Amino acid sequence: MNTTLTQTPLDVIANVSRIVTKVVDRIAGDRVEVPLMVAAACVEGLKLHGIQSQIMYGRAAWTEVLENQSVLWAGCWGGNIHFWVATQFGEVVDLNASVAHHKIGHTSPDLKPRYSPPMLWSTEVPRFYRYQPEGVAELELTDQRDLDHFELVLKEVREKCLPDLLKGESEPFPNEPILCPGRKLLDDNQGTFRHFDRALSVYGIPDFPEELFREETTH
């Protein structure tokens with residue numbers, strides 16, 4: 001474990017977020033469907049850089065912007081759980097937030113989201129995310145296809161998430177919005193966060209329905 005740092009260095013964030021998101025998207029098809037695999041790959045990538053982390057599970061919510069520019073809360077609660085990573089520095093790491101709109105919500109399948117919040121890697125969690133951890137998770141795969149995919153993901157993460165490879169990287173961050181420590185926000189080349197933020201500025205962030213996080217969760 002690295003005891004000299006107080007937060008994950010930006011070059012490590014760039015390396016791990018880029019490799020994990022690209023590899024899982026390529027091998028699994030769309031990482032929005034395999035959040036636990038994403039979190040496990042992120043933990044592995046950080047370990048290779050000497051940073052301790054663990055997979056968290058629980059309720060989570062985030063605001064999404066619909067095609068008509070209105071804003072609502074989406075996420076995992078009730079019978080659904082979400083997975084993210086907690087680092088030794090107290091950072092919340094969610095590499096699936098920016099692609100959450102790829103998945104149609106269970107409760108409102110007729111609503112079509114257009115923008116999600118950025119990937120998150122920070123101790124400071126803005127108001128458009130909500131996380132309620134319930135415990136530490138471990139990846140236990142039983143489906144052979146998932147096992148094969150995860151082995152391929154781990155193999156590539158172990159090859160590419162290494163300190164020696166950080167120097168001279170030409171593509172440091174993934175081309176997706178990401179919120180890093182110190183409120184450093186990096187947008188993609190489509191200005192996705194700018195559009196997301198504009199909608200929040202116009203419509204505001206809806207009051208969060210706290211009762212959603214008070215429901216009994218069944219696993």
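Quick note: residue numbers are just sequence positions, from 1. All values derive from a computational prediction rather than experimental measurement.
Ile51 CD1 to Leu5 CG: the interatomic distance, rounded to the nearest 0.5 Å, is 6.0 Å. With rounding to the nearest 0.5 Å, the separation of CZ in Arg18 from SG in Cys161 is 8.0 Å. Note that OH of Tyr129 and CZ of Phe208 are 15.0 Å apart. Values are rounded to the nearest 0.5 Å. Expressed to the nearest 0.5 Å, how far OG of Ser17 lies from CG of Asp94 amounts to 12.5 Å. The structure places CG of Leu147 at 8.5 Å from CE of Met37, a figure rounded to the nearest 0.5 Å. In this structure, Ser70 OG and Asn68 CG are separated by 3.5 Å, a value rounded to the nearest 0.5 Å.
Contact check on Arg31 versus Glu176 returns a salt bridge, with a Lys/Arg side-chain nitrogen under 4.0 Å from an Asp/Glu carboxylate oxygen. Using a 4.0 Å cut-off between charged nitrogen and carboxylate oxygen, Glu64 and Arg114 do not count as a salt-bridge pair. Salt bridge Glu151/Lys155: absent, no basic N to carboxylate O contact under 4.0 Å.
Two rings, from Tyr115 and Phe193, have their centers 6.0 Å or more apart. Aromatic rings of Phe128 and Trp62 (six-membered ring for Trp) have centroids beyond the 6.0 Å cut-off, not under it.
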Would Trp73 and Arg130 count as a side chain to side chain contact (heavy atoms under 4.5 Å, CB included) here? Give the steps. CA-CA 10 Å; Trp73 283 99; Arg130 286 290 187 100; 4.0 Å; yes

Test salt bridge (Lys or Arg N to Asp or Glu O under 4.0 Å) applied to Arg26 and Glu156, step by step: CA-CA 11 Å; Arg26 189 181 74 250; Glu156 198 159 336; 2.4 Å; yes

Take Val12 and Leu166 through the test side chain to side chain contact (heavy atoms under 4.5 Å, CB included) and record every step on the way to the result. CA-CA 8 Å; Val12 174; Leu166 294 182; 4.1 Å; yes

What do the steps show when you test Leu95 against Cys42 for side chain to side chain contact (heavy atoms under 4.5 Å, CB included), and what is the final call? CA-CA 8 Å; Leu95 300 184; Cys42 183; 4.2 Å; yes

For the pair Leu120 and Tyr131, evaluate side chain to side chain contact (heavy atoms under 4.5 Å, CB included) and give the outcome as yes or no after the intermediate values. CA-CA 12 Å; Leu120 178 63; Tyr131 294 92; 3.7 Å; yes

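What you find for Leu48 and Pro163 is that their closest heavy atoms are O-CD, 3.5 Å. Shown here for Ala97 and Pro118, the closest heavy-atom pair between the two residues is CB-O, 3.4 Å. Listed here is the closest heavy atom pair of Pro177 and Asp187: CG-OD1, 3.6 Å. Here the closest non-hydrogen pair linking Val32 and Val99 is CG2-O, 3.5 Å. In this structure, Leu212 and Arg59 approach most closely via the heavy-atom pair O-NE, 3.9 Å. Here the shortest heavy-atom pairing between His101 and Pro113 reads O-CG, 3.5 Å.
When Val93, Leu46, Ile178, Thr87 are each tested for a side-chain contact (heavy atoms from CB on, under 4.5 Å) with Ile13, only one passes: Ile178. None of Asn15, Asp11, Thr8 except one satisfies the side chain to side chain donor-acceptor pair (under 3.5 Å) rule with His49; the exception is Asn15.
Residue Asp143 qualifies as enclosed at atom CG: its count of foreign heavy atoms under 6.0 Å is above 12.
Side-chain N or O atoms of Thr192 include none that pairs as donor or acceptor with a backbone N or O of Asp188 at under 3.5 Å. With hydrogens and angles disregarded, a donor-acceptor distance shorter than 3.5 Å links the side chain of Gln88 to the backbone of Gln52. With hydrogens and angles disregarded, a donor-acceptor distance shorter than 3.5 Å links the side chain of Ser201 to the backbone of Asp197.
Residues Met56 and Val85 have side chains not in contact (no heavy-atom distance under 4.5 Å, counting atoms from C-beta outward). Within the 4.5 Å cutoff, the side chain of Phe196 has no heavy atoms near those of the Ser116 side chain. Leu36 is not listed as a side-chain neighbour of Tyr57, based on a closest heavy-atom distance of 4.5 Å or more. Residues Ile205 and Val71 are not in side-chain contact: their nearest non-hydrogen atoms beyond the backbone lie 4.5 Å or more apart. Side-chain contact between Trp84 and Pro133: present, with at least one pair of heavy atoms (C-beta onward) separated by less than 4.5 Å. Between Met119 and Pro174, some side-chain heavy-atom pair lies under the 4.5 Å cut-off. Contact check for Pro126 versus Leu179: side-chain heavy atoms found under the 4.5 Å cut-off. Using a 4.5 Å heavy-atom threshold, the side chains of Val65 and Leu200 count as touching.
When only modelled atom types and interatomic distance are considered, His82 and Asn96 share no side-chain donor-acceptor pair under 3.5 Å.
Phe213 and Trp77 have tilted rings, their planes meeting at an angle from 30° to 60° on a 0 to 90° scale.
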